[in-house]
Every structure is written in C-alpha cells, then in structure tokens.
Asker: 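One structure, as structure tokens, below. Some questions next.
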Amino acid sequence: MPFHWPQPPLHVVLVNPEIPPNTGNVARLCAATGSILHLIEPMGFRITNAKLKRAGLDYWDSIDIRVHRDFDSFVAAAAPARLLLFSTGGRQSYLDASYRPADALVFGCETKGLPEALLESHRKAVFGIPMRTDHVRSLNLSSAVAIVVYEALRQINAGKAVP
C-alpha cells in the first residue's frame with residue numbers, strides 16, 4: 001500500500017553513535033520512512049563497518065545518509081526547520097511534542113546520550129520516552145528512534161494511504 005511521506009522529510013540525527021548495528025537499524029528505518037539520516041562525528045565505527053552494513057541489509061541505495069564533522073556543521077548544512085532533542089532526562093514526553101515536516105529529531109550516543117551543552121542550549125526542546133526506570137536506564141537507541149519517528153509521522157499525517 002503506498003503512503004504519502006512529508007516533504008521536506010524528517011531529519012534523523014545520531015550524535016556520536018557508537019554501535020554499528022544500532023545505526024544500521026536506524027538507517028533501515030530511514031529508508032522505510034524517507035527520512036534523511038545524519039551521523040555526527042566522531043563515531044565509534046567506520047561507515048564501511050560490516051555490522052553496520054549487515055543491519056541495514058540491502059537498503060543502502062535507498063538511504064539518504066550524510067556524515068558531519070560536528071553538530072554545528074550539521075546545522076549549517078541541513079538547515080533543519082527545528083531541532084527536537086531526545087534524552088532519558090527529558091522532562092517532556094515525546095508524545096507532547098508537536099512535529100512538523102523538516103524537523104530534526106536528535107538522539108545521542110548509546111553510552112552517554114547527548115552532550116550537556118547541547119541539552120542546555122535547547123532546554124525547551126528536550127523530550128523523553130516514558131519508561132519504568134526502576135527496571136532499565138534507557139531504551140535501545142534504534143528502538144527509541146523508531147518510536148519517535150513514527151509518532152512524528154502520525155502527527156504529520158504522513159501515514160495516510162494515498163488513494
């Protein structure tokens with residue numbers, strides 16, 4: 001069934017990703033949703049990593065992937081409409097965010113999350129995914145990205161079938 005996706009598309013941003021299979025899974029999600037994947041260096045792997053490629057399966061030709069030397073370079077190159085940051089420390093729920101086409105959905109690395117300076121400079125745009133913290137510290141990065149991307153698409157009405 002064909003779907004209508006937002007134009008301009010969403011930007012999925014991974015700041016300093018460390019685990020190749022997580023990034024590969026996010027890349028596959030971006031292929032499935034037409035989102036642009038931005039990777040902010042330094043990364044814990046090379047873009048040619050076999051585990052990264054395996055997790056993305058044979059979808060790499062369908063992924064718009066862009067690597068930036070730092071966060072400021074990403075902002076300058078992509079010029080996203082807005083930045084929405086996602087952190088385990090976010091006090092607002094991702095469900096309370098109001099998503100629009102061309103938003104940049106920003107996620108931190110698996111072990112450290114987003115840099116404090118970045119969170120502080122965008123304090124009003126930091127969101128979290130509710131979870132039972134008495135059992136876990138955080139969700140898997142690729143799971144968290146999927147949860148947020150599909151909520152954003154739902155709000156944008158991008159998932160409505162095209163007749």
Side-chain angles (χ1 to χ4, degrees), residues 1-17 22-41 56 59 62-68 70-163:
M1 174 184 334
F3 289 92
H4 166 73
W5 302 105
Q7 290 302 320
L10 294 168
H11 298 271
V12 173
V13 184
L14 303 183
V15 178
N16 314 128
N22 282 339
T23 300
N25 287 334
V26 172
R28 189 184 333 179
L29 172 77
C30 288
T33 62
S35 300
I36 300 169
L37 176 58
H38 299 271
L39 303 177
I40 310 300
E41 295 180 320
Y59 303 118
S62 302
I63 301 164
D64 185 347
I65 187 168
R66 303 172 190 187
V67 179
H68 307 275
D70 55 37
F71 194 77
D72 290 339
S73 297
F74 153 70
V75 172
R82 296 181 309 153
L83 298 172
L84 289 86
L85 287 67
F86 298 89
S87 169
T88 57
R91 294 186 179 168
Q92 304 174 83
S93 171
Y94 79 103
L95 294 168
D96 296 328
S98 179
Y99 302 93
R100 296 183 229 155
D103 279 349
L105 312 176
V106 183
F107 300 84
C109 72
E110 292 87 344
T111 60
K112 299 174 195 144
L114 289 168
E116 278 302 317
L118 187 58
L119 292 169
E120 187 60 33
S121 64
H122 298 282
R123 194 176 324 143
K124 292 183 179 180
V126 178
F127 299 89
I129 299 171
M131 67 181 140
R132 291 186 56 181
T133 56
D134 56 332
H135 293 284
V136 295
R137 287 183 307 279
S138 64
L139 295 173
N140 176 277
L141 175 62
S142 60
S143 297
V145 174
I147 289 167
V148 171
V149 166
Y150 274 98
E151 173 59 17
L153 292 174
R154 186 192 70 76
Q155 285 191 24
I156 295 168
N157 293 316
K160 289 187 177 177
V162 175

Asker: Which pairs with one or both residues in residues 104-123 pass side chain to side chain donor-acceptor pair (under 3.5 Å), sequence neighbours excluded?
Answerer: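 Side chain to side chain donor-acceptor pair (under 3.5 Å) check on residues 104-123 returns Glu18-Thr111, Asn22-Glu110, Glu120-Arg123.
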Asker: Taking side chain to side chain contact (heavy atoms under 4.5 Å, CB included) as the test, write out the residues that go with Thr33, two or more places apart.
Answerer: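 Counting only residues at least two positions away or on another chain, Thr33 forms a side chain to side chain contact (heavy atoms under 4.5 Å, CB included) with Leu29, Ser35, Val149, Tyr150, Leu153.
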Asker: How far apart are the closest heavy atoms of Arg100 and Ile156, and which atoms are they?
Answerer: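 Closest approach of Arg100 to Ile156, heavy atoms only: C-CD1, 3.5 Å.
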Asker: Looking at every non-hydrogen atom in both residues, tell me the closest pair between Pro101 and Ala81 and how far apart they are.
Answerer: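 Looking at all heavy atoms of both residues, the shortest contact is O-CB, 4.1 Å.
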Asker: Going by heavy atoms in the side chains, are Val145 and Leu14 under 4.5 Å from each other?
Answerer: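 Touching, per the 4.5 Å side-chain cut-off.
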Asker: Going by ring pair (Phe, Tyr, Trp, His ring centres under 6.0 Å), name the residues that satisfy it together with Tyr99, two or more places apart in sequence or in a different chain.
Answerer: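 Counting only residues at least two positions away or on another chain, Tyr99 forms no ring pair (Phe, Tyr, Trp, His ring centres under 6.0 Å).
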Asker: Report the distance from atom CD1 of Ile129 to atom CG of Leu95, rounding to the nearest 0.5 Å.
Answerer: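 That separation rounds to 9.0 Å.
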Asker: According to the side chain to side chain donor-acceptor pair (under 3.5 Å) rule, which pairs have a member within residues 81-98, sequence neighbours left out?
Answerer: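 Output for this query lists Arg82-Asp103.
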Asker: Sequence neighbours excluded, which residues qualify as salt bridge (charged side-chain N to carboxylate O under 4.0 Å, His left out) partners of Asp72?
Answerer: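 Salt bridge (charged side-chain N to carboxylate O under 4.0 Å, His left out) list for Asp72, sorted by chain: empty.
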Asker: Can you give me the closest heavy-atom contact between Ala144 and Leu139, atom names plus distance?
Answerer: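 Minimum heavy-atom contact is CB-CB, 4.5 Å.
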Asker: Do Val148 and Phe107 come close enough that some side-chain heavy atom pair is under 4.5 Å?
Answerer: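 They are in side-chain contact.
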Asker: Grab the two heavy atoms, one from Pro17 and one from Ile40, that are nearest each other, plus how far apart they are.
Answerer: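 The answer is CD-O, 3.7 Å.
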Asker: Quick one: pull up CG in Asn16 and CG in Leu39 and give me the separation to the nearest 0.5 Å.
Answerer: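 The distance works out to 10.5 Å.
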Asker: Examine distances only and state if a side-chain atom of Glu151 and a backbone atom of Ala97 form a donor-acceptor pair shorter than 3.5 Å.
Answerer: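 Between the backbone of Ala97 and the side chain of Glu151 there is no qualifying donor-acceptor contact (under 3.5 Å).
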Asker: With His38, which residues qualify under ring pair (Phe, Tyr, Trp, His ring centres under 6.0 Å), at least two apart?
Answerer: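 His38 satisfies ring pair (Phe, Tyr, Trp, His ring centres under 6.0 Å) with His11, His68, Phe74 once adjacent residues are dropped.
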Asker: Taking all atoms of both residues into account, what is the closest heavy-atom pair of Leu10 and Ala152, and its distance?
Answerer: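 Here Leu10 and Ala152 meet closest at CD1-CB, 3.9 Å.
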Asker: Which pair of heavy atoms, one from Ala104 and one from Val13, lies closest together, and at what distance?
Answerer: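 Taking Ala104 first and Val13 second, the nearest heavy atoms are CB-CG2, 4.2 Å.
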Asker: Determine, step by step, whether Leu105 and Phe86 satisfy the side chain to side chain contact (heavy atoms under 4.5 Å, CB included) criterion, reporting the C-alpha distance in whole Å, the side-chain angles of both residues, the deciding distance to 0.1 Å, and the verdict.
Answerer: CA-CA 7 Å; Leu105 312 176; Phe86 298 89; 4.0 Å; yes
